[in-house]
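Keep in mind the model is a prediction, meaning the values are calculated, not measured. Numbers restart at 1 for each chain; the letters A, B, ... are given by sequence-line order, proteins then strands.
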Number of protein chains: 2
Amino acid sequence: MVSPEPAATTGTVTRVTLADVAALAGVSASTASLAFSGSGPVSDATRERVLAAASELGYAGPDPRARSLRRGRSGIVGVVLEERVRAAFLDPVKIQTLDGLTEGIAPLGAGLLLFTDSGDPDAPVSLDTAPVDAVVLIGCSPKFFRQVEALQRRGIPLVAIEGAPGGDIPEITIDNREATRLGAEHVRSLGHTDVATVTLPFEPTRTRGELTPEMEAGATVDTAVERLRGARDVFPDIRVGVAGASSIEEGLEAARLLLADAATRPTAIIAQSDLLAAGVIQAAEELGLQVPRDLSVIGFDGIRVDGLQHDLTTLVQPSVAKGRAAGEAIVRMLSGEAASGTDFTSTLHVGDTTAPPRA
Amino acid sequence: MVSPEPAATTGTVTRVTLADVAALAGVSASTASLAFSGSGPVSDATRERVLAAASELGYAGPDPRARSLRRGRSGIVGVVLEERVRAAFLDPVKIQTLDGLTEGIAPLGAGLLLFTDSGDPDAPVSLDTAPVDAVVLIGCSPKFFRQVEALQRRGIPLVAIEGAPGGDIPEITIDNREATRLGAEHVRSLGHTDVATVTLPFEPTRTRGELTPEMEAGATVDTAVERLRGARDVFPDIRVGVAGASSIEEGLEAARLLLADAATRPTAIIAQSDLLAAGVIQAAEELGLQVPRDLSVIGFDGIRVDGLQHDLTTLVQPSVAKGRAAGEAIVRMLSGEAASGTDFTSTLHVGDTTAPPRA
DNA sequence: CTGTTAGCGCATTCAG
DNA sequence: CTGAATGCGCTAACAG
């Protein structure tokens, strides 16, 4: 057995190739290759000789770049998030989706290549120059059309989660409108008639405040629009407060506005996310209102809001499953099968934040 | 001008190469290459001809795999997190660090390749078979030594953030012990003598409860150990509650234990993270204790805890800067310069959660 | 300004 | 079971 010591301590980073190893082992390059990949018929004696030569030379295995050119696969799946890292990962649903995605592509043994906004406008989002085997778009705008087209031409499988890029790209979606309607119906069935809603932003610039017709017309975020539709299916004239993001802070702000005037105060608020709902609850508590006695609150997502003491009534969406489905679609497409999208269903979880209105 | 239409609608994904484009344009492959990279001297007429040929054939640009073999660079930086995505991104500090890292490597125009635990024990964490130009280790254990060694042999620049892999790998660290000592001194200077601390987990299995000598002996998480040392520098006999993770929930649990007995109740708690501190505050409020009147609380990190109404007294660590520094070190190393680590300093932010003990 | 030549490092034919 | 030859698709030198 050759000691690996010299290799480890050799400061010189001379490029050692498979050919070098083969030469030292006294075999051909192809044999050496087989010895490494383990996939071919190689005698144990030969393999050992190759491995010994490798460790003597400090050969670290096949060069991934050459390997991926030769095999036509890089073992990398791209994920496009179109925000700054800190913004994207503020959203628990995205994190869970990403988690599901890692699960889904696990059989590939592939890594996830993150494409996010670096803040530097000059830095090219080199989505179309990256060695990816497939790409998952998460909540992306049409901004990427050019690059997406290029990927398609190259035959790279694409899947979209929430945010329809069109074409024949499989989409993973949920029933935003129907689910919200379900929640709204729950609220109505409890006897509420005076209801307001706190929505997610309607466009990337994240204008907040009471919803104006212009904002609604310029909406680009389908999720917000669809969920609002669902609420309106039940409460057509619902008052709408728009948050600047999905966070407790923003929910608090929006709810302060909606709850400010005791005379026009709603008895229930439908929040478009659990974080917003947590903020709404805080706003209520600030005003000395008790949830659910004085105000019913319903959320969306079904995440566990860290630190929230209530069992939030909410629409539980399968965020992890969404990611996993995307991953599985990718796996299928990479093995040549066709894949179609999936539309998931959310379920109503009735917790302790909704109750009949007082008197 | 040739219409791009046919290319876009062509369903067949025939592999179009640069050579094909060059042939159609009636130029050599190298000229066509220059026309694409834009880096060489090419006449406008020729360039246009090449581009026209490309769009006619539906050529989507150079193949990234071939390009990276030829250039010896893939434009990818690996990030190792050694947890599940959902666990890693629960930690705001890691998110900010990652955000800083994207900033830091922006000049590279490179993407971040995430290496996390997929949950599937069979899936190889193929860190050493991935086409990365450099790798950043974030809070990693010795578990990766083998792979790290392989990367080093291959001459791939490595940087570690929090979690010393040893060797000559540059490390980005903060003054965990000194900073905590500073915070503890602040608490003592207010007059507190009866102080407890809530720590981060001491090892990956995340055992929680009162600290036992065995747990302390088996500690593998430097951050927790160092911060505890800092607290002991000021309060040698401090009571220690160990949390199972950095979250509000865990802080709440740990603090409930520490505050349970009114007779032995501390007047101040030093939490090893802001999330834990938020949980401690919740526990206090549950018991009808007012912060800071009845209990002083100090955190660590300096993140904005979403939904926390207090201005938390805490040790503000430069999490974004840490990531950026790592990124910059990578950039330097890739351009051949040597890079050394950086040790950052945290600063005490005195908010409204610390005050002298009552009477 | 453009064409010719020569590999990058490996994995896969196909013979032996 | 092993070796020799071939090219993945591109770009960097160098001539012209």
Side-chain angles (χ1 to χ4, degrees), chain A residues 13-50 53-54 57-75 128-133 150 153-156, chain B residues 13-50 53-54 57-75 128-133 150 153-156:
Chain A
V13 185
T14 40
R15 190 139 289 302
V16 184
T17 71
L18 192 54
D20 301 334
V21 175
L24 195 146
V27 297
S28 77
S30 65
T31 304
S33 175
L34 289 181
F36 272 100
S37 67
S39 54
V42 182
S43 75
D44 287 351
T46 311
R47 191 204 317 288
E48 295 227 348
R49 214 137 38 79
V50 172
L57 291 176
Y59 177 67
D63 181 315
R65 284 178 283 261
R67 181 207 196 62
S68 66
L69 172 59
R70 186 59 243 245
R71 310 236 285 201
R73 285 280 168 86
S74 63
D128 51 357
T129 66
V132 290
D133 293 342
R153 269 205 299 267
R154 200 179 281 142
I156 293 191
Chain B
V13 186
T14 40
R15 189 140 289 300
V16 184
T17 72
L18 192 54
D20 301 333
V21 174
L24 196 147
V27 296
S28 77
S30 67
T31 304
S33 175
L34 290 181
F36 271 100
S37 67
S39 56
V42 181
S43 76
D44 288 351
T46 310
R47 189 202 321 286
E48 296 227 344
R49 215 139 36 82
V50 172
L57 292 176
Y59 178 67
D63 182 314
R65 284 178 283 261
R67 182 205 194 62
S68 66
L69 172 58
R70 189 56 245 241
R71 310 232 287 199
R73 286 280 168 86
S74 63
D128 51 357
T129 66
V132 290
D133 293 342
R153 270 203 299 266
R154 202 178 278 141
I156 292 190

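- Residues A:Pro131 and B:Ser74 come closest through the heavy atom pair CD-O, 4.1 Å.
- When all heavy atoms are compared, the tightest approach of B:Thr129 to A:Pro64 is O-CB, 3.4 Å.
- What you find for A:Ala53 and A:Val21 is that their closest heavy atoms are CB-O, 3.7 Å.
- The pair B:Arg65-A:Asp133 meets the salt-bridge criterion, with a side-chain N (NZ, NE, NH1 or NH2) lying under 4.0 Å from an Asp/Glu carboxylate O.
- Side chain of B:Arg154 to main chain of B:Asp128: a donor-acceptor pair is present (N/O by atom type, distance under 3.5 Å, no hydrogens or angles).
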task = Mind running side chain to side chain contact (heavy atoms under 4.5 Å, CB included) on A:Thr17 and A:Asp63 for me, showing each step along the way?
result = CA-CA 8 Å; A:Thr17 71; A:Asp63 181 315; over 6 Å; no

Distances under 3.5 Å only, N/O to N/O: pair up the protein atoms with those of nucleotides 14-16 of chain D.
none

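- Between A:Val50 and A:Phe36 the shortest side-chain heavy-atom distance falls below 4.5 Å.
- Summarising the geometry, atom OG belonging to A:Ser33 is positioned 8.5 Å from atom CZ belonging to A:Arg67; distances are rounded to the nearest 0.5 Å.
- In terms of heavy atoms, B:Leu57 sits closest to B:Val16 at O-CG2, 3.5 Å.
- Rounded to whole Å, the distance from CG on B:Asp20 to C1' on D:dC8 is 13 Å.
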Output a table of nitrogen or oxygen pairs between the protein and nucleotides 2-4 of chain C separated by less than 3.5 Å.
unit_1 : atom_1 : unit_2  : atom_2 : d
C:dT2  : OP1    : B:Ser43 : OG     : 3.0
C:dT2  : OP1    : B:Thr46 : OG1    : 2.5
C:dT2  : OP2    : B:Ser43 : N      : 2.8
C:dT2  : OP2    : B:Ser43 : OG     : 3.4
C:dT2  : OP2    : B:Thr46 : OG1    : 3.3
C:dG3  : OP2    : B:Ser28 : N      : 3.0
C:dG3  : OP2    : B:Thr31 : OG1    : 3.0
C:dG3  : N7     : B:Ser30 : OG     : 3.3
C:dT4  : O4     : B:Ser30 : OG     : 3.1

Below 3.5 Å is the cut-off: list the nitrogen or oxygen pairs between protein and nucleotides 8-10 of chain C, distance only.
unit_1 : atom_1 : unit_2  : atom_2 : d
C:dC10 : OP1    : A:Tyr59 : OH     : 2.6
C:dC10 : OP1    : A:Asp63 : N      : 3.1
C:dC10 : OP2    : A:Leu18 : N      : 2.5

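- The minimum heavy-atom distance linking B:Val132 with B:Ile156 is given by the pair O-CD1, 3.4 Å.
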